[in-house]
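In what follows, chains carry the letters A, B, and so on, assigned in the order in which the sequence lines appear, proteins first and then strands, with residues in each chain numbered from 1.
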Amino acid sequence: MASTDDWRRQFTKYKEDVKERGKPFYPYAMFHDTVMSLVVVSVIIGVTCVWYFTSGEDPSSCGSGHSCLLGPRYSDPADPATTNFVPRPDWYFYFLFYLLRIFKWPDSVILGTVGIPTIALIIAFMLPFFDRRMERRLTRRPVAVIGAILVVLSMGVLTYKGATAHEALASEVVGAVPTWAQREGFAGNAEAIAGAKIFASSGCTACHTYLGTGSSNQGAPDLSAEGSKGRDKQFFTSYIRDPSKFGNNVMPKFGFSDQQLGQLAAFLLASKGPK
Amino acid sequence: MAVAARNKKSARRRQLEAAINYPIDWLEERSGLVGGIKYFIFRKVPGDTNWFHTLGSATLTAFLVQALTGAILAMYYKPDPQSAYQSIQHITNDITLGWLVRGMHKWGASVFIILMFFHMARVFLFGAYKYPRELNWIIGVMLLAIGMLEGFTGYLLPWDQTAYWATVVGINLNGTAPFLGPFLADFLRGGAEIGGETISRFYAMHMLLIPGLIFALIGLHLYLVIRLGVTSPPWSSAAAGSEAAGEEPRTNGRSGLTQPAARSGWRRNGGEG
């Protein structure tokens, strides 16, 4: 811990050293800056060209004749009524996105959405006030070096996990419905099977898991034994119709019809857990 | 004869110089800007400044690319749910080099974010956030947070499935925050559902509010960089300001831009006028 006087003396010395031994910004530093800026602009243009020339005009043509190295030019137009779209943020939010798989709704999801990001931001803001030593050499700053490595590793791992998180495809999930009906014992319940098909094909498994299928995202719970919690069909119907009425502001309102809602509710009610 | 010719030539030269210098002097006398720019360009930086120190200006370049391409996109983009998607298609497929401008904006955003992190890592590893540069570190963290907010608001604008559903979830996540969360979510949505209100709100924030804030904070950030100088690499044997302990302070109480050298005008800095 250095005293304010030490700091001031050091900064005065800094200014003198720069004045005596420094070099003018132009041309030395400016040359480096200009080269680097040109590199940045070239990289942006280069990436754009790769993106544009490997993608087709049609969002659905990726994979057929177009390699789409950097993704399509746009996905299909926004459609609030579709329910089978997997929400994915831009890559620099992947770490947050993956954090929400770790914390489950509703008990601890707030830690992932607000708690950890807020704490991280406060630590970042306060850094100059935590670290008040004069030392700047990395070999003498073990805490700072270990902290930096941990932050980079955790952000890197979370981003990588978020990027490669396996999203089950609706078509694959629908194939699992007969197995579900058998294991959960609702094979004879036609309404529940219809509900299971809606559940499987509408992208519910993008966030929820059911008998091991699906990915747990945004803190969504496993629904394999949802029907054994003593709730009735009416509860499930109104919950899915508007989750925000039940204090759930993460799960969106999907555009299901009343009939679909009834079938989904029957499916959830019949899900008493695997036998 | 020859001498007379040379005199004549130099007289013309003097005339030319006077003509060039007149507007510069005029500007300097009324604003001091010429001296300021001269100070900025010819100011001394530590002799061991290296490539690591270019990350900040590289980030600025990436931001300027965003500002420029964004302004061009705004000329063609239509922020309402009926025509947003078509206007993006129109920009990408019909307008001359529209794909380039949109692509540069799309990918430049990622480059901007990456460079902000790299720049932050450099400042952290150099210990450059220490006295007297604490405030500039804080401004930098604000820029990082606001920059990511800029990314979030821009993500909705293409109004495709990716954009729509990522924003639905993003806004809902905001809603989980205690106390303020539900209000924030309602404010971002501009209603119960994501729609026309949301898109114009996000557009206004993405185009005016956040970039304005970023510009202002970058201005402050640069002012402090110029005032306080950049830090030498910690491993440098000739690091400016090292072995300070034991030295008598030799300060006249003035620092940075308030030093006479900093305030000296065009003429005092060697301009001929």
Atom group of Pro178(B) that falls short of 4.5 Å from chain A, counting heavy atoms: both
Has Lys106(B) got a side-chain atom pairing as donor or acceptor with Thr48(A)'s backbone, closer than 3.5 angstrom? no
Check for a donor-acceptor pair, side chain of Arg136(A) on one end and backbone N or O of Phe126(B) on the other, with a separation under 3.5 Å. yes
Distance-only, no hydrogens or angles: does the Arg102(B) side chain make a donor-acceptor pair with backbone N or O of Arg73(A) under 3.5 Å? yes
Report the distance from atom OH of Tyr131(B) to atom OG1 of Thr4(A), rounding to the nearest 0.5 Å. 8.0 Å
For the student: nearest non-hydrogen atoms of Ile41(B) and Phe25(A), plus distance: O-CB, 3.3 Å
Phe187(B) meets the ring-ring contact (aromatic ring centres under 6.0 Å, His included) criterion, sequence neighbours left out, with none
Select one option (side chain, backbone, both, neither) describing which atoms of Ser232(B) are under 4.5 Å from chain A's heavy atoms. both
Taking all heavy atoms of Asp17(A) and all of Gly241(B), pick out the closest pair and write down the distance. OD2-N, 2.7 Å
If I measure from the heavy atoms of chain B, does Cys49(A) come under 4.5 Å with its side chain, its backbone, both, or neither? both
Counting only non-hydrogen atoms closer than 4.5 Å, does Met155(A) touch chain B with its backbone (N, CA, C, O), its side chain (CB onward), both, or neither? side chain
Checking the side chain of Lys44(B) only, and the main-chain atoms of Glu20(A) only, is there a donor and an acceptor separated by less than 3.5 Å? no
So among Leu70(A), Ile45(A), Val43(A), which one has a side-chain contact (heavy atoms from CB on, under 4.5 Å) with Trp107(B)? Leu70(A)
Please check if the number of heavy atoms outside Phe52(B) that lie under 6.0 Å from its CZ is greater than 12. no
Check: Phe129(A) ring centre within less than 6.0 Å of Trp137(B) ring centre: no
Quick one: of Leu115(B), Thr231(B), Ile194(B), who has the most non-hydrogen atom pairs under 4.5 Å with chain A? Thr231(B)
Is it true that a side-chain atom of Ser75(A) and a backbone atom of Thr162(B) form a donor plus acceptor pair closer than 3.5 Å? yes
Looking at Phe130(A), I want to see if its CZ is surrounded by more than 12 non-hydrogen atoms of other residues, nucleotides or ligands under 6.0 Å. yes
Please state whether the side chain, the backbone, both or neither of Phe53(A) comes within less than 4.5 Å of a heavy atom of chain B. side chain
On a heavy-atom basis, the closest approach of Phe124(B) and Ala148(A) is CE2-CB, 3.6 Å
For Leu121(A), does the CG atom have more than 12 heavy-atom neighbours from other residues, nucleotides or ligands under 6.0 Å away? yes
Sidechain-backbone polar pair: Tyr74(A) side chain, Gln161(B) backbone, donor-acceptor under 3.5 Å: no
Under 4.5 Å to a heavy atom of chain A? For Val45(B) that would be both
Go through the atoms of Arg141(A) and report whether side chain, backbone, both or neither lie under 4.5 Å from a heavy atom of chain B. side chain
Bottom line for Phe40(B): the part with an atom under 4.5 Å from chain A's heavy atoms is both
Engaged part of Val18(A) at the chain B interface, taking heavy atoms whose separation is under 4.5 Å: both
